[in-house]
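So that the names make sense, note that chain A is the first sequence line, chain B the second, and so on, each numbered from 1. Bear in mind the structure is a predicted one, so any value in this text is a computation, not a measurement.
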Protein chains: 2
Amino acid sequence: MTTPARRPAADQALPDPDARCEVRCLHPQEVAQARAEQPGPADIEAASTLLKVIADPTRLKLLSALRTGELCVCDLSAVIGLSESAVSHQLRLLREQRIVTVRRQGRVAYYRLLDAHVTTLIGGVLDHLRGPVPA
Amino acid sequence: MTTPARRPAADQALPDPDARCEVRCLHPQEVAQARAEQPGPADIEAASTLLKVIADPTRLKLLSALRTGELCVCDLSAVIGLSESAVSHQLRLLREQRIVTVRRQGRVAYYRLLDAHVTTLIGGVLDHLRGPVPA
DNA sequence: AGTATACCTGAGCAGACGCTCAGATGTCCC
DNA sequence: GGGACATCTGAGCGTCTGCTCAGGTATACT
């Protein structure tokens with residue numbers, strides 16, 4: 001959405017110096033628009049939390065391993081080469097974010113992916129890494 | 001891919017105790033498959049770095065603000081309510097990850113989104129937050 | 001009952017992260 | 001040239017994070 005007024009416009013976009021709402025800015029109009037369309041702080045925080053959980057290398061390995069199907073904790077530990085304790089800690093975060101779910105059978109806990117969004121999301125990241133920039 | 005052999009099968013799946021490749025696991029076959037389909041460490045690390053850059057609340061606000069069009073540093077500073085120094089630091093990370101690009105006009109630096117992937121990616125995250133789990 | 005197994009959880013510590021502060025660079029205007 | 005401005009950058013510090021270690025809980029087997 002390239003706005004028509006793309007030029008600097010700093011000379012005439014600042015009618016009076018006293019109009020500085022909070023801090024100085026060169027394009028008050030576009031700043032006001034950007035502020036209006038900004039998501040709420042709660043949404044930002046929630047999105048950040050979810051993305052941080054997915055962003056960790058260990059948890060990325062866990063999610064990638066679970067693409068093939070459900071696995072138990074000690075299997076996951078063997079796949080990614082980390083202690084069962086560490087895996088259990090990370091799986092808890094993935095459960096809290098509703099990314100994986102658990103099915104308990106006896107003393108074994110089978111984990112599987114809960115959300116297809118995450119899979120496509122990681123796919124999009126890999127697209128970004130490999131291919132050139134689309135737009 | 002629910003394998004037919006879902007039962008514990010630990011007694012006969014471990015022919016000899018010495019066969020423990022690295023660590024113990026309940027389903028060696030599925031572990032081997034998951035390990036085979038696991039992305040390379042470099043890909044995991046790159047995806048993690050990219051996602052971490054996007055996951056930070058401040059940078060999420062910056063990216064969200066840039067959806068409306070290109071903005072300069074002090075504008076971005078005004079939109080998200082943070083010092084220009086902090087904004088500049090974060091923009092550097094976004095540049096390094098090829099998420100935003102800069103167009104310099106005189107002493108003003110105009111930043112804009114470089115990759116449509118990121119926009120759709122954030123949209124996917126918001127979908128995950130709002131809607132119920134699709135699959 | 002008693003032992004072994006699979007998993008979970010709290011404490012503690014090394015490393016990474018994001019902000020502020022101070023200074024440097026490059027550009028515009030007089 | 002001199003000053004103001006927009007931006008960039010390095011140092012430093014408080015905070016957060018992810019691992020290991022030790023112990024706890026629940027289930028299966030003899």
Starting from the 5' end of DNA chain D, give me the residue, K52(A) or S83(A), whose nearest nucleotide shows up first.
-> K52(A)
Tell me: CG of L71(B) to C1' of dA6(D), nearest whole Å?
-> 15 Å
Provide, to the nearest angstrom, the distance between the CD1 atom belonging to I54(A) and the C1' atom belonging to dG18(D).
-> 17 Å
Taking the side chain as every heavy atom from C-beta outward, state whether Q90(B) and L93(B) have any pair of such atoms under 4.5 Å apart.
-> yes
Whole angstrom is fine here: how far is it from NE2 in H27(A) over to P in dA6(D)?
-> 10 Å
Could you state the CZ-P distance from R103(B) to dT7(D), rounded to the nearest angstrom?
-> 12 Å
Does Q90(B) put a side-chain nitrogen or oxygen below 4.0 Å from OP1 or OP2 of dC19(C)?
-> yes
May I ask you to test the T68(B)-E30(A) pair for a side-chain heavy-atom distance under 4.5 Å?
-> no
Protein-nucleotide distance (R104(A), atom CZ; dT25(D), atom P), rounded to Å = 16 Å
Any R59(B) side-chain heavy atom under 4.5 Å of I54(B) side chain | no
For L51(B) and dT17(D), give me the distance from atom CG to atom C1', rounded to whole Å.
-> 17 Å
Side-chain atoms of V108(B) come closest, of dA6(D), dC7(C), dG18(D), to dA6(D)
What does the list of N/O pairs under 3.5 Å between the protein and nucleotides 9-13 of chain C look like, with a distance for each?
residue, atom, partner, partner atom, Å
dT9(C), O4, S85(A), OG, 2.8
dG10(C), O6, H89(A), NE2, 3.0

Side-chain (Q38(A)) to main-chain (K61(B)) donor-acceptor, under 3.5 angstrom = yes
So, does R98(B) use its side chain to make a donor-acceptor pair with the main chain of D115(B) at under 3.5 Å?
-> no
Evaluate the side-chain proximity of V100(B) to L63(B): yes if any heavy-atom separation is below 4.5 Å, no if none is.
-> yes
R103(B) with E70(B): basic N within carboxylate O range, under 4.0 Å = yes
Could you state the atom-to-atom distance from CG of D56(B) to C1' of dA16(C) in whole Å?
-> 13 Å
Are any of the side-chain heavy atoms of L121(A) and L51(B) separated by less than 4.5 Å?
-> yes
Are any of Y111(B)'s side-chain N or O atoms less than 4.0 Å away from OP1 or OP2 of dA6(D)?
-> no
Hey, does L82(A) reach any base, or is it just sugar-phosphate, or nothing, if we go heavy atoms under 4.0 Å?
-> sugar-phosphate
Gap between atoms OH and P, on Y110(B) and dC8(D) respectively (whole Å) | 13 Å
Can you tell me if CD on E96(B) sees more than 12 non-hydrogen neighbours from other groups inside 6.0 Å?
-> yes
Collect all protein-nucleotide pairs involving nucleotides 24-30 of chain C in which both atoms are nitrogen or oxygen and the distance is under 3.5 Å.
none

